[in-house]
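In what follows, chains are A, B, ... by sequence order, proteins preceding strands, each numbered from 1. Side-chain atoms are counted along with the backbone in the values below, which use heavy atoms only and exclude waters and symmetry mates.
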Amino acid sequence: MEVIARFEVPYYQYLNEESAVVAPLPEFAKDPEQLLHLYRLMVLVRTFDAKAIALQRTGKLGTYPSTRGQEAVFVGMGNALAKTDIYVPYYRDIGTLLQRGVKLSEYLLYWGGDERGNVFSADKDDFPFSVPVGSQPLHAAGIATAFKIRHQKRAVLTVTGDGGSSEGDFYEALNVAGSWQLPVVFVVSNNQWAISVPRSAQTAAQTIAQKAIAAGFSGEQVDGNDVIAVRDRVAAALQKAREKNEPTLLELVCYRHHDHTTADDATRYEPQEIREIEWKKEPVARLRRYLENNKLWTEEQDKKCHEACAAEVEEAVTEYLNTPPQPLESIFDYLYARLPDIYAEQRETLLKKEVPAHG
Amino acid sequence: MEVIARFEVPYYQYLNEESAVVAPLPEFAKDPEQLLHLYRLMVLVRTFDAKAIALQRTGKLGTYPSTRGQEAVFVGMGNALAKTDIYVPYYRDIGTLLQRGVKLSEYLLYWGGDERGNVFSADKDDFPFSVPVGSQPLHAAGIATAFKIRHQKRAVLTVTGDGGSSEGDFYEALNVAGSWQLPVVFVVSNNQWAISVPRSAQTAAQTIAQKAIAAGFSGEQVDGNDVIAVRDRVAAALQKAREKNEPTLLELVCYRHHDHTTADDATRYEPQEIREIEWKKEPVARLRRYLENNKLWTEEQDKKCHEACAAEVEEAVTEYLNTPPQPLESIFDYLYARLPDIYAEQRETLLKKEVPAHG
Amino acid sequence: MADISLLEAITQALAYEMGVDPNIIVLGEDVAKNGGVFRATLGLLDKFGSERVRDTPLAESMIAGISIGMATQGLKPVAEFQFMGFIYPALDQIINHAARIRNRTRGRLTCPVVFRAPYGCGIRAPEHHSESTEAMFAHTPGLRVVIPSSPARAYGLLLASIRDPDPVIFLEPSRLYRWSKQDVPDDGKALPLDVCFTLRVGTDVTLVAWGAMMKETLAAADALAKEGISAEVIDVATIKPLDIDTILASVEKTGRCVIIHEAPRTCGVGADISAQIAERGLMFLKAPVQRVTGFDTIVPYARLEKFYLPSEQQIIEAVNNVMEFA
Amino acid sequence: MADISLLEAITQALAYEMGVDPNIIVLGEDVAKNGGVFRATLGLLDKFGSERVRDTPLAESMIAGISIGMATQGLKPVAEFQFMGFIYPALDQIINHAARIRNRTRGRLTCPVVFRAPYGCGIRAPEHHSESTEAMFAHTPGLRVVIPSSPARAYGLLLASIRDPDPVIFLEPSRLYRWSKQDVPDDGKALPLDVCFTLRVGTDVTLVAWGAMMKETLAAADALAKEGISAEVIDVATIKPLDIDTILASVEKTGRCVIIHEAPRTCGVGADISAQIAERGLMFLKAPVQRVTGFDTIVPYARLEKFYLPSEQQIIEAVNNVMEFA
Ligand SMILES: Cc1ncc(C[n+]2csc(CCOP(=O)(O)OP(=O)(O)O)c2C)c(N)n1
Ligand SMILES: Cc1ncc(C[n+]2csc(CCOP(=O)(O)OP(=O)(O)O)c2C)c(N)n1
Ligand SMILES: [Mg+2]
Ligand SMILES: [Mg+2]
């Protein structure tokens, strides 16, 4: 017996649980403005999230998947993306999309049950929300193929949950990205749960990062509660993608501090102790503590920041609530570039339909 | 950055290309009778294979996938299986099935376009031939689940091609086997080609064995031209499965010394030099040389062995050619346990059908 | 005896049969501790343990594929797909293997699995939670497709499906999960598969429907009765194989037929029923068979989905049309 | 000008359009050096290079999924599935994404892909090489389904499919790949989608078919002509959206209709055509619409597959039946 291949999985963290610096900070993190910007975004995301849950509870929003406690993952990712890159989200995200120019009101529209929430008015190319778990990494690989064919120095970023990493499509996407050397970064937001199924039951792999080994490229595990680490590793992976057409898998380790969605009840399966332990690692307080320790932030500033975020969210909510529904014909009018004649009669039937009693 | 996981892929070989012993032989290989048995099986398989190709060329068999040059893979695997284990094949195999009691005439029936080739008269539980690439490892995982639920000390063996290892189902099967700790052995017969697509284009992974790392268990690369190594590693993996409910992925490195099937023309894409180089490693001559070097085998014996195999194959061919076609109603009669009444009329229509002119 | 919902009837059937048959294995995403996202498998883990009630990794093709493997070993997997919109990754396993194992091996191996999934729209869920593509399965030889529309039928038909020796696609109308309650004795009595249920006897027109659309169909029949039109109402229940005889006998009596389904119109199951009536019943038809169906569109998101769903009003209009046909 | 086969017409269309439109990317298993297992992509690698003619790893869901990603970037992927029986792993990507991207984003992103696959039985290939499940795609809103049945229509319809701004499932009858040859000018002229082609004008009965069954259908029409029965023959060509108007106009003229398809009978596309005729054409029908179809069985292996396929004789019998109906 001889050993013919060896592999390692690295782990990255800059700010630990106690907000102590445990590794030399990357360049961007030495700029207070950049850190403050990330902090404000995380506060905005958390504020918005709480509001969305409240809207759902009062019947003003549909089923909604919270990002509470996962702010660093999405804010860090979004911050690392270049404008010319393309983002392929799943369904759980605010922080990235926000930085892509998606309006909070669009976000609400989507979860309010309106396709226009996918129009992403500020962006032409990003993919819409994707519900079928694990299916969207293939779209990212396809876009990356287009970039490569056209010799564009652009990268694609896509994100999946830990549950999503069990789907065959996830693996097929990694495999083709490795085989074709595609400029794509696969993020797994490992929040430890896929609805009620814990990460430990999802796979026997010790890390999700090591799944990249099956596809012949490198995977890294990153502290997903450390926004500096997220921002840094995603940026590095995107750069490697743009410059060397090398794919990367990044496992961002975080925790889902809420029910899976508002339709879920995590008390049925989640040990309360675990959530409490995990809360000590959560990303917003961690960065705030660091900023305060370094005299970059005060309680007063924090209060103002929260107020500003609350105001911004309120405005979005008002805009959302005042958005009139789409016209009925929208049900037919985006199916094809031009609606085939055979469906015209059905479209007429629709337009003549009374508002049903149970509506 | 800290390293949080490390992995290695081992490689196993006992007899090298020149038939030299390069590692201490496993117990069974010290018994000449066992080696001679394996040798005879490999000769039988090669003889049968050549005959099957000839039958196809003369219009007496349908499309047929040769195992020429891959005899050690299937003979070694089959030899390692216990009677109570279950085997889940793909479409390319003679050597394993033969040892499961499948008659050569059944094998011909299958490739002659007759479902009865899947009846496997000597065996109740093995799976039939499976055409959809990569789909059958999941069946193996399901059978292994049944064994585990029933606390049976039995293992499941399944085999896929190098191409098949790119399918999502392959990965999903590995992943659930790891997660549930199932008594299953996944073999990849890496013959370097998936029709015209070379192994190098199939995946960027340096070995296929390392794909097991994604599922959290171990993978090994084995010289698939060394029947001793195949027999040894498959047996070891099966034992681990039976005794510890631990899955294993075994990559058996071999070479496809024929067109993909009789419907293929490998000269379109396969460099002739490569095949010539690979032929020097082929398994039958390798074992024969070893046996001869050790005075366990003579040219005279070899001649007799070939004659006996040819006779056995001829007998199977005669049996095959004399098998009358199934009755027409067989088209309906195995669809359901009891054919629903609504289809009775269609069945009548079938029975009244004339033999079509183009038949 | 407390009345139970369709959802509770599913749970009751699963619990009953698992108690009787140790070979039954329930598996799927979130079916164990969580009891399924709709709670259809609630309590089974506690009663039958984690060997028999299994959360799977998140992979639908895998769920189908391992179920097939288990079934050939004499187990009876009852696998849940979380929503019908997530069954598609498993179609290859279902169409190419589950439906064919018996035929492929000339009966040597068999595949007695039940693939359960909530289906249909109208519960204001996100995209892909609203599918009704039963026609795809109905087109696939070797499968059975069963859809209950009341708590009693859910109980009886699920028991029958589990006991059936062949693969069954069992689709549960999520819109009816908690809609109405009924006393369903937990007596282990299965209802017959492969037959339609005549829910209401009538003389003027035959209404043929299944799944959640039975709600609007029965309501329409009520309304029509007030207008003096007597509608016979048939719940198809087993979509494949279809009990066309019951439908034909009814249409022979009434001379008129309206078929109602939620799925898109084109190549829906309604087309096949209509075609069969055309082939065998042309002579006794007093009016063309009408279909009231979902549109040939993607089910709109929650805000507009109610406009997708065929309404009671549309059924009544269709009946009025066939009544007035001359 | 040499006559070419349906298969060569496919290649000719691909080569023509790739020459004109640099956005076209051909991808699939074995499509590059090998030119596809049927040789449909023969020579494209040499002409257009390995960026535009790409062998993929062996994974069908991947092929569909990356095609979708590419298409949203303005490329025009023409992806080959080696046989229709291997398209099922990709159904999730096709149904849940390709068919829906435009609708989901209200037109912001679009998905102009062509998914090609050989389909149908009768070439003595192993199991899973004989499928004709066009009905599944026809049931899916957002898709087009196109099936040529002659070299000229293969050329013209493939060009049209590639130029179409929406996803097209393009199914090629493998039984006709090399059956007959025809002069097909390489002039880049597309044929219209969404319309039926009337291949033969007649007055007594309308025969509606598509794909490989056009062979038996046209032969039956010839034979019937000798018996003095004048059959109008329609090649549906675009299965979805269906040009029912052409079919109805024909049936209005002839008063009789026989629909022929290879797919299993239940919930096949024939059912929908029959249902639409029943709805709109009942008044001018002189006899019930008949379907001559494949059985509701799995296509048997090579030795018996010829018995699965609807025969010319069966078509003639069905026509005689509708002619004699009184
Ligand atoms: C293919 C598919 N199967 C099932 C579902 C139902 N479902 C929605 S989210 C979810 C769990 C996903 O977990 P994970 O991937 O870890 O992402 P998270 O929600 O934790 O961010 C499931 C099973 C789905 N949307 N798609
Ligand atoms: C799902 C699926 N896709 C495509 C095919 C067509 N096909 C048959 S064999 C083959 C190549 C398989 O290569 P590999 O897995 O390496 O096995 P080998 O034939 O080399 O033993 C392909 C593409 C198939 N049978 N199933
Ligand atoms: Mg998760
Ligand atoms: Mg191979």
Side-chain angles (χ1 to χ4, degrees), chain C residues 60-61 85-96 99-100 103-104 127-128 131 133-142 239-242 259 263-283 285 287-291 295-300 325, chain D residues 60-61 85-96 99-100 103-104 127-128 131 133-142 239-242 259 263-283 285 287-291 295-300 325:
Chain C
E60 287 75 13
S61 187
F86 308 133
I87 213 173
Y88 303 133
L91 282 186
D92 182 52
Q93 287 290 345
I94 296 173
I95 297 173
N96 272 343
R100 290 166 170 247
N103 188 69
R104 181 177 303 149
E127 194 181 342
H128 305 290
E131 327 303 304
T133 39
E134 65 273 17
M136 291 189 182
F137 298 102
H139 188 51
T140 304
I239 305 298
K240 180 189 190 72
L242 186 80
I259 304 163
R265 183 180 197 80
T266 298
C267 290
V269 174
D272 200 73
I273 297 173
S274 174
Q276 291 201 51
I277 296 174
E279 277 151 16
R280 310 178 188 216
L282 190 67
M283 38 296 174
L285 275 184
V289 173
Q290 296 283 309
R291 287 179 288 167
F295 296 118
D296 280 311
T297 67
I298 291 148
V299 179
F325 185 86
Chain D
E60 288 74 15
S61 188
F86 309 133
I87 214 172
Y88 304 132
L91 282 185
D92 183 52
Q93 288 290 345
I94 296 173
I95 297 172
N96 272 344
R100 291 166 168 246
N103 188 70
R104 181 178 303 150
E127 193 181 345
H128 305 290
E131 328 302 305
T133 39
E134 65 272 16
M136 293 192 178
F137 298 102
H139 188 51
T140 305
I239 305 298
K240 182 190 187 71
L242 184 81
I259 304 164
R265 185 181 195 79
T266 298
C267 289
V269 173
D272 200 73
I273 297 173
S274 174
Q276 291 201 50
I277 296 173
E279 275 151 16
R280 310 178 187 216
L282 190 66
M283 38 294 174
L285 276 183
V289 174
Q290 296 284 311
R291 288 180 287 166
F295 296 117
D296 279 312
T297 67
I298 291 149
V299 179
F325 186 85

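- Within the model, atoms CD1 of D/Ile87 and CG of C/Asp92 stand 11.0 Å from one another, a figure rounded to the nearest 0.5 Å.
- Ranked by heavy-atom pairs under 4.5 Å with chain C, the list D/Gln276, D/Arg265, D/Met283 is led by D/Arg265.
- Looking at D/Ala90, neither its backbone nor its side chain comes within 4.5 Å of chain C, counting heavy atoms on both sides.
- Note on C/Ile259, C/Ile94, C/Asp296: by heavy-atom pairs under 4.5 Å with chain D, the leading option is C/Asp296.
- For C/Val269, the parts lying under 4.5 angstrom from a heavy atom of chain D are both the backbone and the side chain.
- In this structure, chain D has a heavy atom under 4.5 Å from the side chain of C/Ile95, while its backbone stays farther away.
- When heavy atoms are compared at a cutoff of 4.5 Å, C/Ala99 approaches chain D solely by way of its backbone atoms N, CA, C and O.
- Heavy-atom pairs under 4.5 Å with chain C were tallied for D/Glu131, D/Met136, D/Gln290, D/Glu279; the largest tally goes to D/Glu279.
- Of the atoms belonging to C/Thr297, it is backbone heavy atoms, and not side-chain ones, that fall under 4.5 Å from chain D.
- Under the 3.5 Å distance criterion, the side-chain polar atoms of D/Asn96 are left unmatched by any main-chain donor or acceptor of C/His128.
- Taking D/Ser274, D/Pro264, D/Gly281, D/Ala278 one by one and counting their heavy-atom pairs under 4.5 Å with chain C, the maximum is reached by D/Pro264.
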Yes or no on side chain to side chain contact (heavy atoms under 4.5 Å, CB included) for D/Leu282 and C/Leu282, after CA distance, side-chain angles and deciding distance? CA-CA 9 Å; D/Leu282 190 66; C/Leu282 190 67; 3.3 Å; yes

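- Neither the backbone nor the side chain of D/Gln93 comes within contact range of chain C, judged by heavy atoms closer than 4.5 Å.
- Only the side chain of C/Thr140 comes within contact range of chain D, judged by heavy atoms closer than 4.5 Å.
- Residue C/Asn103 holds its CG atom at 4.0 Å from CD1 of D/Ile298, rounded to the nearest 0.5 Å.
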